[in-house]
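One structure is given below, encoded as structure tokens.
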Amino acid sequence: MRGGPIDSHCHLQTLGASEREQALDQARERGVSGFLVPAIQLDDADQVLALCHRHDDVWCALGVHPHEAATWREGDQDRLRALLADPKAVAVGECGLDFYYDHAPRATQEATLRAQWQLAVELDLPVVVHNRDANDTMLGVLADPAFATLRADFHSFAGGLAMAETLRAHDCYFGFSGMITFKRADNVREVIAMTPRERMLVETDTPYLAPVPYRGKPNRPAYVLEVVERLAHELRVSTDEVVAFTNDSFFRLYAKAAVT
Ligand SMILES: [Zn+2]
């Protein structure tokens with residue numbers, strides 16, 4: 001079933017087993033037709049892949065989140081390359097830079113990001129990117145000619161208008177999350193108007209960032225509907241149109257998902 005929206009970023013691996021199945025069923029009942037689960041660290045990969053293999057409508061990204069960048073070891077590029085051979089692994093990630101929390105040293109974050117992007121270019125896979133308070137360094141890496149062909153989803157984008165303009169010039173995709181429903185999020189919403197529809201994705205970032213009216217509660221993939229509704233409102237189009245162009249974006253970017 002590919003009728004409803006796809007939650008392009010939900011960390012279902014953070015939920016308990018029964019909670020996770022419930023969350024999937026609750027979302028499907030509201031018409032959600034697909035789920036992309038980004039790994040946080042390589043030790044997640046087997047669990048995340050097993051989840052994907054139990055469900056036709058679940059795919060994953062495999063990689064190392066910037067918070068866990070210090071776990072990256074010599075040989076992990078080979079380990080990740082082997083994991084990405086799985087047909088359900090449709091992207092590299094979640095990778096990126098987080099200079100807000102600084103859970104790993106910044107130079108380590110950048111090195112781990114570069115190692116993963118090299119692999120994405122080599123394997124011709126897209127990347128799921130987390131970027132927080134690190135625009136300058138991120139743009140520096142992105143400008144490296146080695147990454148000229150990189151295809152990226154800047155998930156739950158909140159990097160501001162100038163950053164969005166530059167990423168658009170690099171042909172990047174933008175993941176819109178429950179943040180677009182937050183009262184004080186005009187800086188996130190103003191990016192909507194300048195983003196081409198064929199570069200828009202919708203996501204929940206489960207279990208974080210629950211949209212209004214669930215704000216403050218644990219987020220669930222079912223609530224991607226609230227993101228779709230708000231996006232439709234901002235663009236003055238129907239929710240069906242939003243679902244159509246965000247699903248097109250999803251299968252264009254995550255092309256491996258279209259065949260598995
Ligand atoms: Zn994430």
Side-chain angles (χ1 to χ4, degrees), residues 5-15 19-20 23-24 27 32 34-45 47-49 51-52 58-72 80 83-84 88-104 109 112-113 116-117 120 125-135 138 151-159 163 167 172-182 185 188 200-211 214-215 217-224 227 246 249-250 253-254 257:
I6 296 171
D7 185 350
S8 63
H9 199 107
C10 46
H11 292 288
L12 291 172
Q13 76 272 43
T14 65
L15 308 184
E19 222 180 0
R20 184 186 310 139
L24 284 166
V32 179
F35 310 84
L36 179 64
V37 180
I40 301 291
Q41 52 192 348
L42 292 190
D43 288 344
D44 272 359
Q47 187 208 351
V48 168
L49 281 172
L51 174 68
C52 293
V58 181
W59 301 277
C60 65
L62 298 179
V64 178
H65 191 283
H67 290 346
E68 305 297 332
T71 66
W72 187 264
L80 182 53
L83 287 164
L84 289 164
K88 283 288 199 163
V90 301
V92 176
E94 169 170 4
C95 53
L97 301 171
D98 193 315
F99 293 176
Y100 178 80
Y101 283 112
D102 280 326
H103 285 329
Q109 292 189 42
T112 301
L113 175 69
Q116 294 180 85
W117 281 13
L125 285 173
V127 293
V128 177
V129 182
H130 171 110
N131 176 54
R132 187 156 184 200
D133 287 5
N135 283 356
M138 182 60 72
R151 292 168 299 126
D153 164 6
F154 276 76
H155 105 86
S156 197
F157 184 79
M163 181 67 172
L167 294 179
C172 295
Y173 287 69
F174 294 84
F176 292 103
S177 70
M179 274 200 288
I180 68 168
T181 70
F182 295 173
V188 180
M200 288 184 179
L201 299 160
V202 284
E203 63 166 276
T204 60
D205 204 12
T206 291
Y208 317 106
L209 298 175
Y214 309 104
R215 195 166 180 193
K217 296 183 180 157
N219 202 359
R220 292 294 179 264
Y223 307 156
V224 77
V227 178
T246 56
S249 294
F250 183 87
L253 179 62
Y254 298 114

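For the single chain, residues carry numbers from 1 onward in sequence order. Both ligands and their constituent atoms are indexed starting at 1 by order of listing. When reading the values below, keep in mind they use all heavy atoms of this one structure, side chains included, and skip hydrogens, waters and symmetry mates.
Between the side chains of Thr204 and Asp7, at least one donor N or O sits under 3.5 Å from an acceptor N or O.
Look at His11 and the Zn ion (ligand 1): an N/O/S atom of the residue is under 2.8 Å from the metal. At a cut-off of 2.8 Å, His130 does not coordinate the Zn ion (ligand 1) through any N, O or S atom.
Interatomic distance, CZ of Phe35 versus CG of Leu24, reported as 5.0 Å (0.5 Å rounding).
Of the listed residues (His67, His130, His65), just one forms a ring-ring contact (aromatic ring centres under 6.0 Å, His included) with Tyr101, and that residue is His67.
The ring of Phe157 has its center closer than 6.0 angstrom to the ring center of Phe174.
Here the N, O or S atom of Glu94 that is nearest to the Zn ion (ligand 1) is OE1.
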